[in-house]
There are 2 protein chains.
Amino acid sequence: MIPKLTDEPRIFEVVVRLFVLHGYEGATTKEIARAAGVNEATLFRKYGSKAELFERAINYQWSDVPIGKVSYSGDLEADLRSIVDAYLETSLLHGAIVPMLLTELSQRRDLETAFSVAWANIGVVVEIMVRYQSQGLLQAEDPLLTLSALLGPIMVTHMFRRAGLGLPLPEVDAEDHVRSFLDGRRPDRPRVI
Amino acid sequence: MIPKLTDEPRIFEVVVRLFVLHGYEGATTKEIARAAGVNEATLFRKYGSKAELFERAINYQWSDVPIGKVSYSGDLEADLRSIVDAYLETSLLHGAIVPMLLTELSQRRDLETAFSVAWANIGVVVEIMVRYQSQGLLQAEDPLLTLSALLGPIMVTHMFRRAGLGLPLPEVDAEDHVRSFLDGRRPDRPRVI
DNA sequence: AGCATAGGCAAGCGTTGACTTGCAATCCAG
DNA sequence: CTGGATTGCAAGTCAACGCTTGCCTATGCT
């Protein structure tokens, strides 16, 4: 048995929180150590490098995120709502983690492995999309495009809000959003049941 | 007359290019100087600081961007296409500049002024949305939500592609996208004319 | 031609970031 | 209780970044 004195979950939580807040470069190891209540040297003894620390932390946090728990039920609208709800809940937990990861990933390739668990979660959602497409209930297209169409508006709304331009942007209503996704944004039109 | 020897447009172009590529911190003044063919000291003599240089450069580039030239025509679908086309064209010129700006803006407030021209451009588009909403041709909602719904999917698709996960994501087709935006993603449904 | 100005060049300053190291204190297992 | 592993602490290394400075050259205007 290896004695565990440090509170690793707390470290990982701090890492992700500061990563979302300040980005990879902006989240310094000193600040992480201070916020997690451990010594900076401990971080390097345990994880070797900042990149490895972030990899462990991000994968750890993603393995328990609501979006990984969505499953196929046969009810298209309900499943889309579940996906949207899960994304909103994930955003509540970890802020703008998805756009932040995508942005940083386009700059530093060494964070690619930090994306693996998140990517697996996305894969689950994509599978659901594909099933509904093959049943003819959703437009046939690259399922990642479908997912972008479903979550993109929410992500961008959050990005606008977080940009702090003084915009009182309302939170997206999951039900309205799924309806708009399915039936479009023309008003006063009989809904297709 | 002040003699102008340095090629300012070239500097500004380099700044924006490296900013989109590596982010604010990642785009070092040394690399900018080298890529622009000027001496690093010149940058500081002319612009005082990195932040001011970026402010000037980003505002300069945004003042000539396609998305600022969209105008109201009375034809909803055509105008939406113009907006989408303008965004796609802007992305072709400057890559992921919008998500990058939004991400960086949430971290460094001193870049807020670098967003002013971009923000004015967005304002023009928002005005168009508001007009169509008041005519009852678009769902009544916060116009920035409408804009996010229209451009969000495209932005996110680009972010996925740029994240370099080896995904052969197809480019969004402007016409398809506007149709889906207006009429939704349920297939085999008679379109509302 | 003459002069003010701008830019190139090279060296350097101060700070900060990731990462290391040696030592003492502490913890757990056997 | 004892030994081996883990952490805290403090100091420090090294590189990079933003930014400055002094000097010299080149330019363009009058």
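All values derive from a computational prediction rather than experimental measurement. Chain letters run A, B, ... following the sequence lines, proteins first and then strands; every chain starts at 1. Computed over heavy atoms, backbone and side chain alike; hydrogens, waters and symmetry mates excluded.
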Report task. Please report how far the helix from C:dA1-D:dT30 to C:dC27-D:dG4 bends, comparing the axis fitted to its first five pairs with the axis fitted to its last five, to the nearest 10 degrees. Result -> 20°
Report task. Return the value, rounded to whole Å, for the distance between atom CZ of A:R34 and atom P of D:dC9. Result -> 14 Å
Query - Within 45° cone of B:Y24 ring axis and under 6.0 Å: B:K50 NZ or CZ - result: yes
Query raised in the report: What pair of heavy atoms forms the shortest contact from B:N59 to B:S116, and how long is it?
Result: OD1-OG, 3.5 Å
Query raised in the report: According to a 4.5 Å side-chain heavy-atom criterion applied to Ile, Leu, Val, Met, Phe, Trp and Tyr, with indirect links allowed, do B:L80 and B:V124 form part of one hydrophobic cluster?
Result: no
Report summary line: When rounded to whole Å, the CZ to P distance for the pair A:F54 and C:dC19 reads 10 Å
Query - Nearest-Å distance for atom pair CZ/C1', residues B:R10 and C:dG7 - result: 15 Å
Query raised in the report: Rounding to a whole Å, what distance do you find between B:L43:CG and C:dC9:C1'?
Result: 14 Å
Requested in this report: Rounded to the nearest angstrom, tell me the gap between atom CD1 in A:I32 and atom P in C:dC19.
Outcome: 11 Å
Query raised in the report: Any ion pair linking A:E112 and A:R109 (charged N to carboxylate O, less than 4.0 Å)?
Result: yes
Query - Contact pattern, 5' to 3', of nucleotides 12-24 of chain D - B, S or - by protein heavy atom under 4.0 Å - result: -----SBBBBB--
Query raised in the report: Are the aromatic rings of A:Y47 and A:F54 close, with centres under 6.0 Å apart?
Result: no
For residues 27-35 of chain B, run the donor-acceptor check on the side chains, cut-off 3.5 Å, and write out each pair with its distance to 0.1 Å, sequence neighbours left out.
residue	atom	partner	partner atom	Å
B:T28	OG1	B:E31	N	3.2
B:T29	OG1	B:E40	OE2	2.8
B:K30	NZ	B:E40	OE1	3.4

**Report entry** Under-4.0 Å side-chain N/O to phosphate OP1/OP2 contact, A:T42 with D:dG8
**Finding:** yes
Query raised in the report: Roughly how far apart are B:I122 CD1 and A:L165 CG, rounded to 0.5 Å?
Result: 8.0 Å
Query raised in the report: How far apart are the C-alpha atoms of B:R179 and B:E77, what are their side-chain angles, what is the distance that settles it, and do they pass the salt bridge (charged side-chain N to carboxylate O under 4.0 Å, His left out) test?
Result: CA-CA 8 Å; B:R179 187 186 44 69; B:E77 200 149 346; over 6 Å; no
Report task. Could you tell me the separation between the CD atom of A:E8 and the C1' atom of D:dT6, rounded to a whole number of Å? Result -> 12 Å
